[in-house]
Amino acid sequence: MIKAIRGTRDILPPSSAVWNMVEARAREVFHSFNCHEIRTPIFESTELFARGVGEETDIVSKEMYTWDDRDGSSITLRPENTASVIRAYIEHRLDQIPGLKKLYYIGPMFRRERPQKGRYRQFAQIGAEFIGSDSPVIDAEVIEMVLEVLTRCGVESPHLIINSVGCKDCRPAFVQALKDRLQDVKAGMCADCQRRADSNALRVLDCKVPEDQNVVDSLPSILDHLCQPCAAHFETVKSLLEARGIDYELRSRLVRGLDYYTRTTFEVTHGALGAQNSILGGGRYDGLAESLGSRVPTPGIGFSIGEDRLVMAIEEHVDPASLARLDVFLVPMGDAALRHAALIARDLRRGGFTVELSADHKVKRAMEAASKARARFALILGDNELTAGVYALKDMATGEQRSLTREQLAPALK
RNA sequence: GCGCGUGUAGCUCAGUCGGUAGUAGCGCCAGAUUGUGGUUCUGGAUGUCGUGGGUUCAAAUCCCACCACGCGCCCCA
């Protein structure tokens with residue numbers, strides 16, 4: 001048997017209804033913020049991600065699907081979408097259009113990681129980028145927008161975590177201070193931390209080994225090393241969130257894996273998702289456009305929701321089958337009734353109802369099918385009904401049945 | 001990439017000490033019922049025991065490798 005390749009999967013009904021619901025709600029929220037869709041290619045020049053995401057990140061160094069095209073150029077399936085959006089922004093000179101550019105996207109991304117629950121090699125992200133302003137007001141707007149998506153999708157108790165990782169002026173000094181301190185204390189830490197102390201010092205802050213927590217707590221905090229503009233920016237972001245009544249956890253140890261983040265970073269976690277409890281991540285990336293060739297300063301901030309994980313969280317408490325509604329199942333008896341039923345079906349479908357037409361002339365079979373399909377009503381068309389000009393509408397939940405004329409049908413189905 | 005675990009019917013699973021694969025539950029099909037589903041009763045179908053190799057008179061069972069999935073690590077959405 002040919003099977004879907006490792007790390008990929010089919011989204012089947014009824015689960016696909018949850019995906020459609022999530023995407024529909026997200027689009028509603030985005031449009032209400034005057035944020036509009038951008039669709040970029042799912043493969044790009046490898047160089048775009050190498051420069052945008054960062055050569056030293058795990059994503060670029062070992063998790064990309066990359067191959068040489070026939071002309072020798074290196075192509076990569078996108079592992080994330082922010083770099084592509086910024087590339088499109090620069091390529092199409094969107095900086096020449098007045099105002100803040102607010103763009104959202106929904107689509108598949110690809111990373112060659114070990115598959116696990118909530119982690120696939122093809123996964124979907126719903127994200128947005130607000131480009132062209134470094135105002136902290138925008139940070140608060142973006143955070144509010146993404147939380148609104150979660151709320152509108154019915155996600156219970158999302159947990160917002162925020163931090164500031166500084167900028168190119170103040171972060172290097174902090175990293176150096178952190179490394180210096182780690183040289184003194186790393187001997188007492190776990191093996192992973194000893195390795196990270198040299199390779200990726202910021203990651204030590206993320207260590208989850210219980211025995212290391214005392215040491216981790218004693219390490220310097222990025223928040224004490226922010227330059228004055230970064231500190232002021234972060235203070236404003238926090239106060240704007242508070243003014244909006246948005247609860248957050250300040251976690252100075254929240255560091256993100258992508259090189260381009262500056263200043264505000266954030267994450268939302270949700271219980272019951274296993275090790276992959278992060279449902280979305282985002283942050284500001286004020287230097288990214290310049291590193292991709294923009295000649296004008298182009299600050300931006302964005303986020304990306306892991307759609308697979310969001311769907312998983314929703315399915316914890318929503319039965320996917322409940323999202324699909326079948327209003328009426330037509331049960332014609334005989335050829336004449338079948339031909340007539342097709343016209344009734346057309347009427348009702350045009351009226352906005354979901355209608356199923358039985359292909360089986362045996363009433364018992366058709367009624368069984370209606371029941372298994374979880375139809376709200378069955379509409380029986382037989383000789384008696386056709387000659388009298390009425391139809392027998394049966395409520396499948398109560399078993400109650402009554403005779404209705406064609407005009408009375410649609411109102412009865414409401 | 002690393003560690004641990006799991007893999008038997010469409011699904012959930014049982015399978016003793018290695019001795020012909022289960023009256024198992026749910027689901028599916030048919031009938032009881034020629035114009036009425038759900039409940040009930042009766043009957044029926046469905047297996048490369050994940051794949052390949054090894055040990056053995058004999059392997060779902062023991063051993064090895066591989067594959068897939070799960071949990072965790074790394075990292076991340």
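Here the structure is a predicted model, which means the values were calculated and not measured. Numbers restart at 1 for each chain; the letters A, B, ... are given by sequence-line order, proteins then strands.
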If you take any heavy atom closer than 4.0 Å to RNA chain B, which residues from [range] end up in contact?
| range | value |
| --- | --- |
| residues 397-414 of chain A | A:Ala397, A:Gly399, A:Gln401 |
| residues 12-30 of chain A | none |
| residues 160-168 of chain A | none |

Item to check | Candidate nucleotides B:C69, B:C75, B:U36, ranked by approach to the side chain of A:Lys394 - the nearest | outcome: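 Out of B:C69, B:C75, B:U36, the nucleotide with an atom closest to A:Lys394's side chain is B:U36.
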Next on the checklist: Counting only heavy atoms not in A:Asp395 (residues, nucleotides, ligands), do more than 12 fall under 6.0 Å from its CG?
Outcome noted: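 Enclosed.
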With [X] via side-chain contact (heavy atoms from CB on, under 4.5 Å) - residues at least two apart:
| X | value |
| --- | --- |
| A:Arg406 | A:His340, A:Leu343, A:Ile344, A:Asp347, A:Tyr391 |
| A:Ile106 | A:Glu23, A:Arg27, A:Tyr104, A:Ile126, A:Glu307 |
| A:Pro220 | A:Phe174, A:Leu178, A:Arg181, A:His225 |

Next on the checklist: So, using side-chain hydrogen bond (donor to acceptor under 3.5 Å, both in side chains) as the criterion, who are the partners of A:Asp217 when residues are at least two apart?
Outcome noted: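 Only A:Arg253 meet the side-chain hydrogen bond (donor to acceptor under 3.5 Å, both in side chains) criterion with A:Asp217.
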For the base of [N], is there a side-chain donor-acceptor partner from [X] under 3.5 Å away?
| X | N | value |
| --- | --- | --- |
| A:Arg119 | B:C75 | yes |
| A:Asp383 | B:G35 | no |
| A:Arg111 | B:A77 | yes |

Checklist outcome for this item: Writing each nucleotide of RNA chain B 5' to 3' as (, ), [, ], | or . by Watson-Crick or G-U pairing under 3.5 Å yields (((((((..((((.....[..).))).(((((.......))))).....(((((..]....))))))))))))....
Anything under 3.5 Å between a donor and an acceptor, one on a side chain of residues 369-380 of chain A, the other on a protein residue two or more places apart or in another chain? List them.
| from | atom 1 | to | atom 2 | distance (Å) |
| --- | --- | --- | --- | --- |
| A:Arg376 | NH1 | A:Asp327 | OD1 | 2.7 |
| A:Arg376 | NH1 | A:Leu413 | O | 3.1 |
| A:Arg376 | NH2 | A:Leu413 | O | 3.0 |

Give every donor-acceptor pair under 3.5 Å between a side-chain atom in residues 7-14 of chain A and any protein atom, sequence neighbours left out.
| from | atom 1 | to | atom 2 | distance (Å) |
| --- | --- | --- | --- | --- |
| A:Thr8 | OG1 | A:Ile5 | N | 3.3 |
| A:Thr8 | OG1 | A:Ile5 | O | 2.7 |
| A:Arg9 | NH2 | A:Asp308 | OD2 | 2.7 |

Identify each atom pair where a protein N or O and an N or O of nucleotides 27-32 of chain B are less than 3.5 Å apart, giving names and distance.
| from | atom 1 | to | atom 2 | distance (Å) |
| --- | --- | --- | --- | --- |
| B:C29 | OP2 | A:Lys372 | NZ | 3.2 |
| B:A30 | OP1 | A:Arg365 | NE | 3.2 |
| B:A30 | OP1 | A:Arg365 | NH1 | 3.1 |
| B:A30 | OP1 | A:Arg365 | NH2 | 2.6 |

Checklist entry - How far does CD1 of A:Ile301 sit from CG of A:Asp286, to the nearest 0.5 angstrom? => result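 The CG atom of A:Asp286 is 8.5 Å from CD1 of A:Ile301, to the nearest 0.5 Å.
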Checklist entry - How would you list, by chain and number, every residue that makes a ring pair (Phe, Tyr, Trp, His ring centres under 6.0 Å) with A:Tyr260, sequence neighbours excluded? => result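 A:Tyr260 satisfies ring pair (Phe, Tyr, Trp, His ring centres under 6.0 Å) with A:Tyr285 only.
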